[in-house]
Amino acid sequence: MAKKSEPEIRRILAVYGNMLYRTAYLLLGNPHDVQDALQETLLRYLEKAPAFASGEHEKAWLLRVTTNCCMDCLRFRKRNAYMELEPLRECLSAPEKPHIQELYALPAKWKTVLILHYFEGYSVKETGEILGLSESAVKKRLQRARDALKLELESCREIVSKEP
């Protein structure tokens, strides 16, 4: 297969760049790790030079590779000493994004299904296809993520209500 040209890479970034950055940031929570994951995604895109049947196929491929790169980063963090230089909660305290911090408290596997299903609009079946999971596994992860998010939001409300 032919290698992808620079105009093709620019097109990919123009069309999918924001979505990929958002997805990686929600999974990793650190702009430096996000940049690394996105660079790795683009390198894989250049190396593989995949041919896509449609724009949706291309989008799904890019999301899958991005989430895989993020999971690799998370596994690396788990195995190696890691110190976050920018506290995440301080970075995201903007009033226009209330409760987004609570999403970061969830495990990556739950965040991934939430992002694909609610933020990117994929159906349960499509989310399962992208992640290589059964529909029932996606539904269960969505349920667990919603339950955990609800508990996190309730605990935040309790803290806020106790403040003078």
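The first residue in the sequence is number 1, and the count goes up from there. The shown structure was predicted, so the numbers you read here are calculated from the model rather than taken from an experiment.
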For a salt bridge (Lys or Arg N to Asp or Glu O under 4.0 Å) check, start with the C-alpha distance between Lys150 and Asp147, then their side-chain angles and the critical distance, and finish with the verdict. CA-CA 5 Å; Lys150 181 180 176 185; Asp147 292 345; over 6 Å; no

Roughly how far, to the nearest 0.5 Å, is the CG atom of Leu28 from the OG1 atom of Thr23? 10.5 Å

For the pair Thr127 and Glu135, evaluate side-chain contact (heavy atoms from CB on, under 4.5 Å) and give the outcome as yes or no after the intermediate values. CA-CA 8 Å; Thr127 300; Glu135 286 183 51; over 6 Å; no

side-chain contact (heavy atoms from CB on, under 4.5 Å) for His117 and Ser123? Distances and angles first, verdict last. CA-CA 6 Å; His117 186 68; Ser123 68; 5.6 Å; no

Would Arg11 and Tyr16 count as having a side-chain donor-acceptor pair, cut-off 3.5 Å? no

Joint hydrophobic cluster, Leu46 plus Leu13, side-chain heavy atoms closer than 4.5 Å: yes

Roughly how far, to the nearest 0.5 Å, is the CG atom of Asp33 from the CZ atom of Arg77? 4.5 Å

According to the interplanar angle, ranging from 0 to 90°, do the rings of Phe52 and Tyr45 count as parallel (below 30°), tilted (30 to 60°) or perpendicular (above 60°)? parallel

As an exercise, state the distance from CG of Leu27 to CZ of Arg22, rounded to the nearest 0.5 Å. 12.0 Å

To the closest 0.5 Å, what do you measure between CZ (Arg141) and CG (Leu133)? 4.5 Å

Walk me through whether Asn30 and Tyr25 qualify under side-chain contact (heavy atoms from CB on, under 4.5 Å). CA-CA 6 Å; Asn30 178 318; Tyr25 197 86; 6.0 Å; no

Counting distance only, does the side-chain N/O of Arg144 pair as donor-acceptor with the main-chain N or O of Trp110 below 3.5 Å? no

Under the side chain to side chain contact (heavy atoms under 4.5 Å, CB included) test against Thr66, which residue among Leu20, Val34, Leu42 passes? Leu20

Using the side-chain contact (heavy atoms from CB on, under 4.5 Å) rule, take Asp36 and His32 through it: C-alpha gap first, then chi angles, then the decisive distance, then the call. CA-CA 6 Å; Asp36 290 344; His32 306 292; 5.6 Å; no

Distance check, rounded to the nearest 0.5 Å: Glu120 atom CD versus Ile115 atom CD1? 8.0 Å

For Cys69 versus Glu40, what's the shortest heavy-atom pair and its separation? SG-CG, 3.4 Å

If you measure only the distance, is there a donor-acceptor pair under 3.5 Å linking the side chains of Gln35 and Tyr21? no

Distance check, rounded to the nearest 0.5 Å: Leu62 atom CG versus Thr67 atom OG1? 10.5 Å

